[in-house]
Novice: 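Dumping the structure here so I can ask a few things about it.
Worth saying up front: this structure is predicted, and the values here are computed from it rather than measured.
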Amino acid sequence: MSRLFLAIIILFQSITHLLWLSPSTHSGQVAIPWMMNNGMVLFGNIWEQHAPGSSLLGALAQLLIPLEHSSLIKILNTLLVITITLLVYQLATKLRNKPTAGILSALIWAWWEPVYGNVMLYFDTLLALCVMLALVIYFSRDKQLKPQHAILIGLLMGLGTIFKQHAWLAVGIFGFWILLRHRDPKLWIPYGLAALLLPVIQWGVLLSQGLFDSYVFWNWGFNLSGFM
């Protein structure tokens with residue numbers, strides 16, 4: 001029965017997101033990816049105060065999927081929302097050991113998501129996907145947290161920082177939780193190194209392109225200085 005209710009929730013989300021809800025987008029998900037695919041450079045001659053993950057994702061999708069861009073982002077956003085719905089259901093069911101808890105949690109997410117996630121494929125929603133995946137891995141493990149779990153969680157949390165700068169706070173909180181809860185260097189050290197891997201690769205690419213200083217200004221200086 002719970003699976004039937006979950007299927008109804010997903011069907012409702014699919015219909016409303018594809019056919020009814022406002023197709024609100026941000027330049028970082030449509031216009032900037034288009035400019036990137038037409039020779040312009042993020043943090044070079046494209047000034048953007050957000051982390052680059054969603055723009056990179058949008059540019060790759062526009063290259064690989066031959067659909068009109070507004071339809072493409074609507075489909076990708078619907079898939080993103082449904083994926084988070086499934087993760088919310090799985091996590092709540094695991095935490096309470098009751099499918100009813102999963103259904104109620106999925107209902108709350110489905111009801112409020114169009115209010116707080118009303119920009120398609122937005123930075124916050126992509127960050128939420130990374131955090132939810134990390135939480136599902138953490139709570140779906142066996143009783144013992146293993147290094148491979150810590151590495152996967154770290155990679156996902158590090159990926160979140162590429163979608164939104166605020167994820168660094170979540171990286172720290174998750175790491176602090178692992179440190180307090182498990183107190184094993186074989187867990188929190190791999191977590192920390194894995195969380196840094198993707199951001200370090202990103203910084204290395206930006207340095208090689210001579211764009212690191214611009215990235216630091218637009219991602220941090222511009223936002224924190226009050227210029228915005």
Novice: Which pair of heavy atoms, one from G58 and one from P33, lies closest together, and at what distance?
Specialist: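 So the minimum-distance heavy-atom pair works out to C-CB, 3.5 Å.
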
Novice: Taking CH2 in W177 as the centre, count heavy atoms belonging to other residues, nucleotides or ligands within less than 6.0 Å. Is the count above 12?
Specialist: no

Novice: Do Y89 and S2 have side-chain atoms, one donor and one acceptor, less than 3.5 Å apart?
Specialist: yes

Novice: Start with the C-alpha distance between W220 and Q165, add both sets of side-chain angles, then the distance that settles side-chain contact (heavy atoms from CB on, under 4.5 Å), and finish with yes or no.
Specialist: CA-CA 8 Å; W220 301 99; Q165 302 95 310; 3.4 Å; yes

Novice: Using the ring of each side chain (for Trp, its six-membered ring), is F123 parallel, tilted or perpendicular to H50, with breaks at 30° and 60°?
Specialist: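 It falls in the parallel class, under 30°.
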
Novice: Output the distance between atom CZ (R96) and atom CG (L104), rounded to the nearest 0.5 Å.
Specialist: 11.0 Å

Novice: I want to check something: taking the side chain as every heavy atom from C-beta on, are M35 and I32 in contact at a cut-off of under 4.5 Å?
Specialist: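 Heavy-atom side-chain distance check passes, below 4.5 Å.
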
Novice: Got a sec: does the CG of N45 have more than 12 other heavy atoms crowding it under 6.0 Å?
Specialist: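 It does: N45 CG has more than 12 such atoms within range.
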
Novice: Would you sort out whether T85 and L6 count as a side-chain contact (heavy atoms from CB on, under 4.5 Å), showing the intermediate values?
Specialist: CA-CA 9 Å; T85 302; L6 182 61; 4.3 Å; yes

Novice: How close do P147 and L187 get, counting heavy atoms only, and between which atoms?
Specialist: N-CD2, 3.6 Å

Novice: Roughly how far, to the nearest 0.5 Å, is the CD1 atom of I73 from the OG atom of S24?
Specialist: 9.5 Å

Novice: Do T78 and Q13 meet the criterion of a side-chain donor-acceptor pair at a distance under 3.5 Å?
Specialist: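 Absent: no donor and acceptor within the cut-off.
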
Novice: Ignoring hydrogens, what is the shortest heavy-atom contact between V171 and M157? Give both atom names and the distance.
Specialist: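 It is CG2-O, 3.5 Å.
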
Novice: For S214 and F43, indicate whether the former's side chain and the latter's backbone hold a donor-acceptor pair under 3.5 Å.
Specialist: yes

Novice: Under 4.5 Å between any side-chain heavy atoms of P199 and W168, yes or no?
Specialist: yes

Novice: Check the hydrophobic clustering (I, L, V, M, F, W, Y; side-chain heavy atoms under 4.5 Å; chains of links allowed) and say if L196 and V216 are grouped together.
Specialist: yes

Novice: Once the angle between the rings of F212 and W203 is folded into 0 to 90°, is it parallel (under 30°), tilted (30 to 60°) or perpendicular (over 60°)?
Specialist: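 Rings of F212 and W203: perpendicular, as their planes differ by over 60°.
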
Novice: Output yes when a side-chain donor or acceptor of T161 lies under 3.5 Å from a complementary backbone atom of G158, and no otherwise.
Specialist: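 Confirmed, T161 side chain pairs with G158 backbone.
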
Novice: What is the distance from atom OG of S54 to atom OH of Y122, rounded to the nearest 0.5 Å?
Specialist: 9.0 Å

Novice: Side-chain contact test, heavy atoms from C-beta onward, threshold under 4.5 Å: evaluate it for L86 versus I10 and give yes or no.
Specialist: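 A side-chain contact exists here, since the closest heavy-atom pair is under 4.5 Å.
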
Novice: Quick check: do N118 and L21 have side-chain heavy atoms less than 4.5 Å from each other?
Specialist: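 They are not in side-chain contact.
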
Novice: Which pair of heavy atoms, one from W109 and one from V81, lies closest together, and at what distance?
Specialist: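 Residues W109 and V81, closest heavy atoms: NE1-O, 3.6 Å.
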
Novice: So, do V41 and L211 sit near enough that their side-chain heavy atoms are less than 4.5 Å apart?
Specialist: yes

Novice: So, taking the atom named CG in L127 and the one named NE2 in H166, what distance separates them when rounded to the nearest 0.5 Å?
Specialist: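 Answer rounded to 0.5 Å: 9.5 Å.
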
Novice: What heavy-atom pair brings Q29 and Q62 nearest, and what distance separates the two atoms?
Specialist: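 Reported closest heavy-atom pair: O-NE2, 4.2 Å.
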
Novice: Do other residues, nucleotides or ligands put more than 12 heavy atoms under 6.0 Å from the CZ atom of F222?
Specialist: yes

Novice: V119 and L56: same hydrophobic cluster, using ILVMFWY side-chain contacts below 4.5 Å?
Specialist: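 Result: no, two separate clusters.
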
Novice: State, with a plain yes or no, whether a side-chain heavy atom of E113 is found less than 4.5 Å away from one of H17.
Specialist: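 E113 reaches H17 side chain to side chain.
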
Novice: Might you work through the ring pair (Phe, Tyr, Trp, His ring centres under 6.0 Å) test for H182 and F176, ending with a clear yes or no?
Specialist: CA-CA 10 Å; H182 302 279; F176 190 58; over 10 Å; no

Novice: Which residue is it: I151, L133, L198? I am looking for the one with a side-chain contact (heavy atoms from CB on, under 4.5 Å) to L156.
Specialist: L133

Novice: Quick check: is L79 connected to F163 through a chain of hydrophobic side chains (ILVMFWY, heavy atoms under 4.5 Å apart)?
Specialist: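 Same cluster.
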
Novice: If I take atom CD1 from residue I82 and atom CD1 from residue I9, how far apart are they, to the nearest 0.5 angstrom?
Specialist: 11.5 Å

Novice: Go through L42 and E48 one step at a time and tell me if the side-chain contact (heavy atoms from CB on, under 4.5 Å) criterion holds.
Specialist: CA-CA 7 Å; L42 193 62; E48 163 67 308; 3.9 Å; yes

Novice: Any donor and acceptor pair, going by atom type alone, linking the side chain of D124 with main-chain N or O of G117 inside 3.5 Å?
Specialist: no

Novice: Would you please test R183 and W188 for side-chain contact (heavy atoms from CB on, under 4.5 Å) and show each step?
Specialist: CA-CA 8 Å; R183 297 185 179 276; W188 54 263; over 6 Å; no

Novice: Using modelled atom types only, decide if a donor and an acceptor are shared between the side chain of H26 and the backbone of G28 within a distance under 3.5 Å.
Specialist: yes

Novice: Are any side-chain N or O atoms of T125 and backbone N or O atoms of L121, one a donor and one an acceptor, separated by less than 3.5 Å?
Specialist: no

Novice: Looking only at heavy atoms, what is the nearest atom pair of K74 and P23, with distance?
Specialist: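 The answer is CE-CB, 4.0 Å.
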
Novice: Do I173 and F139 belong together in a cluster built from hydrophobic side chains that touch within less than 4.5 Å?
Specialist: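 The answer is no; the residues belong to distinct hydrophobic clusters.
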
Novice: Using a 4.5 Å cut-off on heavy atoms from C-beta on, say whether the side chain of Y191 contacts that of H149.
Specialist: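 No; the side chains remain at least 4.5 Å from each other.
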
Novice: Quick check for you: to the nearest 0.5 Å, what is the distance between S140 atom OG and Q90 atom CD?
Specialist: 4.5 Å

Novice: Side chain of S208, backbone of V205: donor and acceptor closer than 3.5 Å?
Specialist: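 Confirmed, S208 side chain pairs with V205 backbone.
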
Novice: Are the side chains of L87 and L129 in contact, using a 4.5 Å heavy-atom criterion?
Specialist: yes

Novice: Under 4.5 Å between side-chain heavy atoms, counting indirect links through other Ile/Leu/Val/Met/Phe/Trp/Tyr residues: same cluster for L207 and I46 or not?
Specialist: yes

